[in-house]
2 protein chains.
Amino acid sequence: MDLSERQLQILQAIITDYVENAEPVGSRSIAKKYDLGVSPATIRNEMSDLEEMGYLTHPHTSAGRVPSDKAYRLYVNNLMKKKNLSAKDKRMINNRLSASRDEFDRTIRHAAELLSEITHLASFAMTPATNEETISFIRLLPVDERTLILMIVGESGNVTNTTLRMNVPYTQEAIDLLSKNMTVSYKGRTLDDVLKSEIIHDVGSDIEALSSLRTNVMPSFLRTLEDMLNVNLYMEGMTNIFNLPEYTSIDRARDFMELFARKDWFTQKMLARDNGVVVTIGDENDTMKDCSLITATYHVDGKLVGKIGVIGPTRMKYDEVTSIMEYLTNNLSESFRLPGESGDGNAGDGNAGKDDAGDK
Amino acid sequence: MDLSERQLQILQAIITDYVENAEPVGSRSIAKKYDLGVSPATIRNEMSDLEEMGYLTHPHTSAGRVPSDKAYRLYVNNLMKKKNLSAKDKRMINNRLSASRDEFDRTIRHAAELLSEITHLASFAMTPATNEETISFIRLLPVDERTLILMIVGESGNVTNTTLRMNVPYTQEAIDLLSKNMTVSYKGRTLDDVLKSEIIHDVGSDIEALSSLRTNVMPSFLRTLEDMLNVNLYMEGMTNIFNLPEYTSIDRARDFMELFARKDWFTQKMLARDNGVVVTIGDENDTMKDCSLITATYHVDGKLVGKIGVIGPTRMKYDEVTSIMEYLTNNLSESFRLPGESGDGNAGDGNAGKDDAGDK
DNA sequence: ATTAGCACTCTCATTAAACGAGTGCTAACA
DNA sequence: TGTTAGCACTCGTTTAATGAGAGTGCTAAT
């Protein structure tokens, strides 16, 4: 039950027109604007068939046709062609990203900004998931007689720290020893692994002071590990959607905004998506069934994987958006590539990127 | 030109009614609901006078009266009485805050959540400004042969770090020396002070390796200081406003949401406000002229000052909201008080300041 | 000074009519 | 047999008119 060449042309025309104007498109305007060499009547017949096959819908009898999710899916899979970015957009992306190349999180945020500025849609970008991150070392640093800093450093330069206040004073020797001790225990293990394993039992009955210190530190250690696992999520251009005709109803707009108020939930959803450029359209989403969602992944040192994405109505310029995202993720991955060829990299909460000092 | 007792009663009644129902209130309903012992006609006369004095406005000839900003101001300054929180709200606040007492940023976020949940308005909370924070020490830690971590620790346990990648290898001696060196230079000085001072010149011509290392590190040091100055801003309940009748127009809603999209700008605005509970109503704000804004401050160790706030329409339960905020900030300040003389109970619980690495 | 009474104003909801875009069908045509 | 012109029909949208309702502002009586 394949579509004829002409049907594809008509479908494409309808999609193009509808994406542009957000209004049901009629046979007459198709015939006029797109030079298909057939009359409106013929187009009407084809449209009727396309509707029967589920590619078009009809808001009401005397309205034009609107593409269905199925039509967009066909378009994305088979019809659309890769777009070249305008020189202006390319320049903008290059400039903005290179300006902050050495500050990892800022670069990610800039990526989100760029995405929403260029697409005029809502966008997000998240730092890489660190499940696979392995611990490099653990360090305790004294602040004052009761306060110390717990610091966990990952192999890729990820750092997370917590300031903790002890209820009894500690000695420099004790914290040095505990630092070493913990580093030996956990070095090379992934965060996930450490978090899941039973930690309590390995409280060796070493020196008395050390054991008490360890008891104080352990809960914070676990929480700090959890912190380290959290990805940062940057959202931009949420208010762009107010300019779209599909969100002039306050209810739709509210629903949309509420999605993003639930940051943790949203983060989990996005992390669960496949790598690469992924498009989900309307009903294909389990929430946001009237939206389309496009995500793409960038790499850090070829290892860690972070996501960027765009959310908008199903009526969306899929060709442009996917092309932009592809360009952007390539650029990001390039930025985050290790300068040399050495194995490990640099990512996460701290700043990262290529040689920091090198580019002033 | 003082208001008579009766005029005050009527004004209060109008405010109460309008805040409740969001509809212009007429003389008849005032006479009915509030037992003032006078007829609608009398009330009408008084209303007319109140309008002339600028306390009421008239959407159109045949509509009831609406309180003006001036009326709300009078109400806030003279009329309203402190409200007692419900036991339920108190319990909620106590529970939620104590659950995370040892994680500073999370507590702040919880405060924002509580505020929006209880008031059903948009709220925010921000970590204390650290302009006055003084540097305790600076530390460089090795990750691998090209990567190291720069860490700045404030006297109050504030920590910020940056991962930096060097373009030439460093030696352990060099980074130890530089750490000490920098600590000596900057210890005890405020972040602001250090940032403003000319730093470059004090690159001593010490050992060759050290000088080169320092050259590499300095730019990151400054950026890290800037990071450290940034306050974290948590916003909650932005979508609550969609439920209010004043924001059923998409344009109003958009304007509202756009305010909060500009986080940096918003943060600056809020930091500039006075300490204590501050209410600004409608026109008293230079932006958001149709909103009221209530901010309050909490203390950390009696020193640092952070802000929380609520944003909503001028039609707002000022008495309740200010009471809630007072309760909440007292509770927060209490939470963040130094343990002082009593070591607190639980092992490991006792983190007073905690700071995520990464920018803002 | 207060109040009852009443005309007047303005908004909002309802209804009806005219409009127009676009379809679906039929019959003619190449 | 596929294509096209023609035309009746449908249905949402716009415009205008109407009436109800709420509330004021004024006047005159108390």
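Keep in mind that this is a model prediction, so the values were computed, not measured. Convention: sequence-line order gives letters A, B, ...; per-chain numbering from 1.
Between A:Arg252 and A:Asp290, at least one side-chain nitrogen of the basic residue sits less than 4.0 Å from a carboxylate oxygen of the acidic one, meeting the salt-bridge criterion. A salt bridge links A:Asp251 with A:Arg254: the closest approach of a Lys/Arg side-chain nitrogen to an acidic carboxylate oxygen falls below 4.0 angstrom. Taking the charged nitrogens against the carboxylate oxygens, B:Lys82 and B:Glu326 do have a contact shorter than 4.0 Å, which makes a salt bridge. The existence of a salt bridge linking B:Lys33 and B:Asp17 is confirmed by a sub-4.0 Å separation between a basic side-chain nitrogen and an acidic carboxylate oxygen. Between B:Arg65 and B:Glu46, none of the side-chain N atoms (NZ, or NE/NH1/NH2) sits under 4.0 Å from a carboxylate O, so this pair counts as no salt bridge.
Remark: side-chain polar atoms of B:Glu284 are paired, donor with acceptor, to backbone N or O of B:Ile281 under 3.5 angstrom.
Scanning for side-chain hydrogen bond (donor to acceptor under 3.5 Å, both in side chains) contacts around A:Asn84 gives an empty result, with sequence neighbours left out. Applying the ring pair (Phe, Tyr, Trp, His ring centres under 6.0 Å) criterion to B:Phe266, with sequence neighbours excluded, gives B:Phe124, B:Phe260.
An OP1 or OP2 oxygen of D:dT4 is reached within less than 4.0 angstrom by a side-chain nitrogen or oxygen of A:Thr42.
Positionally, the nearest nucleotide of DNA chain C for B:Pro40 lies more toward the 5' end than for the other of B:Pro40 and B:Pro59. Take the nearest nucleotide of DNA chain C for B:His60 and for A:Ser62: the residue whose nucleotide is more 5' is B:His60.
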Listed pairs, N/O of protein and of nucleotides 15-19 of chain D, under 3.5 Å:
none

Measure all distances between protein nitrogen or oxygen atoms and nitrogen or oxygen atoms of nucleotides 27-29 of chain C, and list the pairs falling under 3.5 Å.
none

Below 3.5 Å between N/O atoms, which protein atoms pair up with nucleotides 5-8 of chain C? Just atom names and distances, please.
unit_1 : atom_1 : unit_2  : atom_2 : d
C:dG5  : O6     : B:Arg44 : NH2    : 3.3

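For DNA chain D, none of the residues of residues 19-29 of chain A falls under the heavy-atom distance limit of 4.0 Å.
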